[in-house]
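Only one structure is covered here, and it is reproduced in the block below.
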Amino acid sequence: MSGSSAVRNKAPAPVQISSEQILAEAQALRQERKKNVILDVADLEELSEVQRHKREEYEGALQRKSHDIKQWIRYAEWEVEQKEFARARSIFERALSLHPYDVPLRLRYIRSELKHENINHARNLLEQSVVLLPTIEKIWYEYVQVEEKLGNIPKCRELFSRWAKFATNPKPMLSWIDMECRYKEWANAHVIFESLCQAFPQPENWLKWAKFENAHGSLKSTRHVYINAIDTTTQMGNLDETLFTEFARWEASVDELERARAIYKHGLQVLPPDHTYRLYTAYATFEKLHGSPEDLTNVITVERKSAYENILNSDPKNYSTWIAYLQMAVGYFSAERVRAIFDRAVSQIPEQKDKIVWKEFVYLFIYYALWEEVANEDIEKADKIYTDCLNLIPHKSFTVAKVWLLYAKLLIRRGLLPEARKLLGKSIGMCPKPRLFKGYIDLELNLREFQRCRILYEKYCQKFSTTPEPFIAFANMEQNLGEDERARAIFEIALNIPEMSKRGDLWASYIQFEIEEAEYGRVRTLYGRYIEDIRTYEPWVALVQFELVAPDPEGENVEQVNTDYEEDEAMEFSERPATESGIIRARKVFERAIIHFSKSSQVNDRVAILAAWKEFEEIYGTHDTLQKAISLQPQMVVKQRKVGENVFEEYEEYDFPEDKIAQEANVNFLKAAHSWKEKTQN
């Protein structure tokens, strides 16, 4: 006889249940809030009964979701609260048998034992954990910390020694060294540092060892560490200029100047030229302090110059190397030699019309011109450099606005204002860019030539008529000048452009302008237009935030409210406290928005506005209004649709309670109409 029983009744069930109904019921059960029941326990018998029911609940939950670690932890901690340590330990052990590699579970178990002073059991757990999970640092740290608190330092050393065998980074050994230093065991720390640098010979570890020997060792031991560091990193190919720099500085600090100089020179010889900038800088500083002027000159001119020349000979259009070469030359060479290098650099014109490459090339001209003007005070030479640069740039393909603006500022410093205006006008005529317009307008603003600014803004807006930035800047300038009607007209012109009416930043700037002018009626009108044009939930939320703090258009004196807030100049409009009338108006805005989106197909916006209404009621509403908002929140349900012959697919869809109410009302209305029709016919 087989072990499985045969199905006797194969007829369909009288009530069919779909997967959609099962999921809906599960979702409803999940959302039901469990009420906290406070039990009054009178005697031990009642306590035992309560504990039994509680254990049955936990066991049932674990049978359904045995993979839920948090549930196991809650169950065990509840038993600990009941002083049932044996039961709690049993639960932890059961959880570990199912999830032996879960680190948070093990740590909770260990800390629970430590909290109740079960030290030996905690040690057993820690030992078991580090054997099972030898690469988890948290467990090792916990184990070492426990033993150190108990004063068992030999055990700590043993643990660190075991941990170091599995370490993939220097953290365990560094922690071991810190412990030895806390107990002033310098010899042990020295041995550990030696093992650390053998296992992880990175330059930073050698430097930490050298710093330790400098503080607690001798000069000989410190020098030995630095020499071994350079030898080892050289063999492994990870030599770093920081080792040479720190080694030389240490030798200089103990008055071994010749040793320090030899170390600097050796580092410059063995390191590649593009990895010696800090070493060169440290060497130059050393020679400034301890060497002769000839030594300093030799350091700069011989070593670095030859390195840069070698690179430039193989790649003469390496502009980043030219800049580094010039930075070095400006600090140490004569003006004639620096000028000769500048002339060589700017003669290397790029062959391809790549703007990124040309930008690096143009920076050479800018550096050249600024050096002539500031260091040599040769303004005419700087003028010629800017002119040559502008003649070389292929303006039909692209331009570099920085050159035009710097040249114009140079002309202004020379007192040639008409020439500067002519230059900037030429720039926006040849290659109009927003940065050029902004620079020219800033120049005229500083000169208080507001009529010229208006002309420039008009050209700026005509050229970039599909971006809101020029219109916003133009309107802000008019507002600052007190020309409110001009600013308003500029905003209206921008909004009449089809591409601009959908830009939220333009609407926000226009509304902010009216708020600053305390024209709250205009603000409400603008929000109405904003909602019609954008047709998303963001304008509705912005209108709610405005109505919360705005004065009542009928009940309050707007001028008096604004005067009250002018006493606190630091308070922005959005920082004002909400008023009772503002809360009522904001709630009405939400109601209008919900009606609006219920008639549209914008499901996501409808969900967002309902969520915003719920959040609003949680802050400002009453219990009744909050419950109303919660009752209208949509639920995600799973439905089926036909995609082929006998083929269905599941999809998720929001289910709105408001739609159900409307559908039920329509059904009732149709039933009543049908009933009336039958009565009339009879």
Side-chain angles (χ1 to χ4, degrees), residues 319-320 322-331 333-350 353 355-457 459-460 463 470 473 477:
Y319 302 115
S320 59
W322 278 112
I323 291 174
Y325 190 8
L326 288 165
Q327 288 174 343
M328 180 270 295
V330 166
F333 289 177
S334 63
E336 291 77 10
R337 294 182 66 182
V338 174
R339 189 175 288 112
I341 299 173
F342 268 120
D343 290 336
R344 286 173 55 200
V346 298
S347 65
Q348 302 297 329
I349 303 172
K353 292 184 179 180
K355 187 174 181 180
I356 297 176
V357 177
W358 270 87
K359 268 186 158 184
E360 292 184 350
F361 175 65
V362 166
Y363 284 148
L364 290 172
F365 277 96
I366 294 172
Y367 193 7
Y368 193 3
L370 293 175
W371 178 77
E372 289 287 2
E373 182 185 0
V374 177
N376 296 332
E377 299 181 357
D378 192 345
I379 299 180
E380 294 181 358
K381 178 68 174 176
D383 192 316
K384 182 179 181 304
I385 293 168
Y386 281 124
T387 304
D388 294 341
C389 180
L390 290 174
N391 291 334
L392 288 174
I393 297 174
H395 298 290
K396 292 183 179 179
S397 301
F398 54 82
T399 191
V400 182
K402 192 178 185 69
V403 181
W404 293 98
L405 297 175
L406 288 174
Y407 189 15
K409 292 177 182 178
L410 174 68
L411 293 174
I412 293 172
R413 288 194 292 273
R414 297 183 63 189
L416 303 175
L417 180 59
E419 286 77 1
R421 283 174 171 156
K422 183 178 178 181
L423 176 72
L424 291 173
K426 180 182 176 181
S427 71
I428 61 176
M430 290 178 59
C431 37
K433 292 180 63 177
R435 188 175 178 184
L436 289 173
F437 277 105
K438 293 176 184 178
Y440 197 177
I441 291 168
D442 289 341
L443 168 65
E444 298 295 353
L445 277 175
N446 292 331
L447 296 173
R448 299 296 186 267
E449 293 288 348
F450 301 118
Q451 192 59 36
R452 288 180 178 271
C453 292
R454 291 189 177 103
I455 296 171
L456 289 172
Y457 267 124
K459 294 181 179 179
Y460 187 13
K463 189 64 181 177
M477 186 196 75

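Just so you know, these numbers come straight off a predicted model, no measurement behind them.
Residues E444 and L447 form a side-chain contact, since some pair of their non-hydrogen atoms from C-beta on lies under 4.5 Å apart. Looking only at side-chain heavy atoms (C-beta outward), R435 and W404 stay at 4.5 Å or farther from each other.
Ion pairing between E372 and K384 fails under the 4.0 Å rule for side-chain N and carboxylate O. Taking 4.0 Å as the cut-off between side-chain N and carboxylate O, K438 and D442 do not count as a salt-bridged pair.
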**OP:** I would like to know whether N376 and R339 meet side chain to side chain contact (heavy atoms under 4.5 Å, CB included); could you show each step before the answer?
**Re:** CA-CA 10 Å; N376 296 332; R339 189 175 288 112; 3.2 Å; yes
Subject >> From CA spacing to verdict: side chain to side chain contact (heavy atoms under 4.5 Å, CB included), L410, L406 >> reply: CA-CA 6 Å; L410 174 68; L406 288 174; over 6 Å; no
**OP:** Check the pair R413, E373 against salt bridge (charged side-chain N to carboxylate O under 4.0 Å, His left out), reporting the backbone distance first and the verdict last.
**Re:** CA-CA 11 Å; R413 288 194 292 273; E373 182 185 0; 2.7 Å; yes
**OP:** Carefully, step by step, assess F365 and V403 under the rule side chain to side chain contact (heavy atoms under 4.5 Å, CB included).
**Re:** CA-CA 9 Å; F365 277 96; V403 181; over 6 Å; no
Original post:
Could you walk me through whether R452 and R421 pass the side chain to side chain contact (heavy atoms under 4.5 Å, CB included) check?
Top reply: CA-CA 11 Å; R452 288 180 178 271; R421 283 174 171 156; 3.5 Å; yes
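Here the CG atom belonging to L424 is positioned 6.5 Å from the CG atom belonging to L405, to the nearest 0.5 angstrom. Rounding to the nearest 0.5 angstrom, the gap separating the CE atom in M477 from the CZ atom in F450 is 7.5 Å. Note that CH2 of W358 and CG of L392 are 5.5 Å apart. Values are rounded to the nearest 0.5 Å. A distance of 10.5 Å separates CD of Q451 from CG of L456, quoted to the nearest 0.5 Å. Distance check: I455 CD1 to I441 CD1 gives 11.5 Å after rounding to the nearest 0.5 Å. Atoms CD1 and CG, on I385 and L364 in that order, are 11.5 Å from each other to the nearest 0.5 Å.
Contact detail for L436 and C431: the closest heavy-atom pair is CD1-O, 3.2 Å. The two residues V357 and P350 have their closest heavy-atom pair at CG1-CB, 4.0 Å. Counting all heavy atoms, side chain and backbone alike, F361 lies closest to Q348 at CE1-O, 3.3 Å. In terms of heavy-atom proximity, A382 sits nearest to A369 at CB-O, 3.5 Å. Heavy atoms only, all atoms of each residue included: C453 and L445 are closest at SG-N, 3.6 Å. Between L390 and H395, the shortest heavy-atom contact is O-NE2, 2.8 Å.
For F342 and Y367, the ring centers are positioned less than 6.0 Å apart.
Relative ring orientation between Y386 and Y407 is described as parallel, the plane-to-plane angle staying below 30° on a 0-90° scale split at 30° and 60°. Under the 30°/60° scheme for interplanar angles, the aromatic rings of Y457 and Y460 are found to lie parallel. The aromatic rings of W322 and Y325 lie parallel to each other, their planes meeting at an angle below 30°, with 60° marking the opposite boundary.
At most 12 heavy atoms of other shown residues, nucleotides or ligands fall within 6.0 angstrom of atom NZ in K422. Atom NZ of K459 has 12 or fewer heavy atoms from other residues, nucleotides or ligands within 6.0 Å. Crowding of K381 atom NZ: a count of heavy atoms from other residues, nucleotides or ligands under 6.0 Å exceeding 12.
Side-chain atoms of D383 never come within 3.5 Å of backbone atoms of I379 as a donor-acceptor pair (strictly under, hydrogens ignored).
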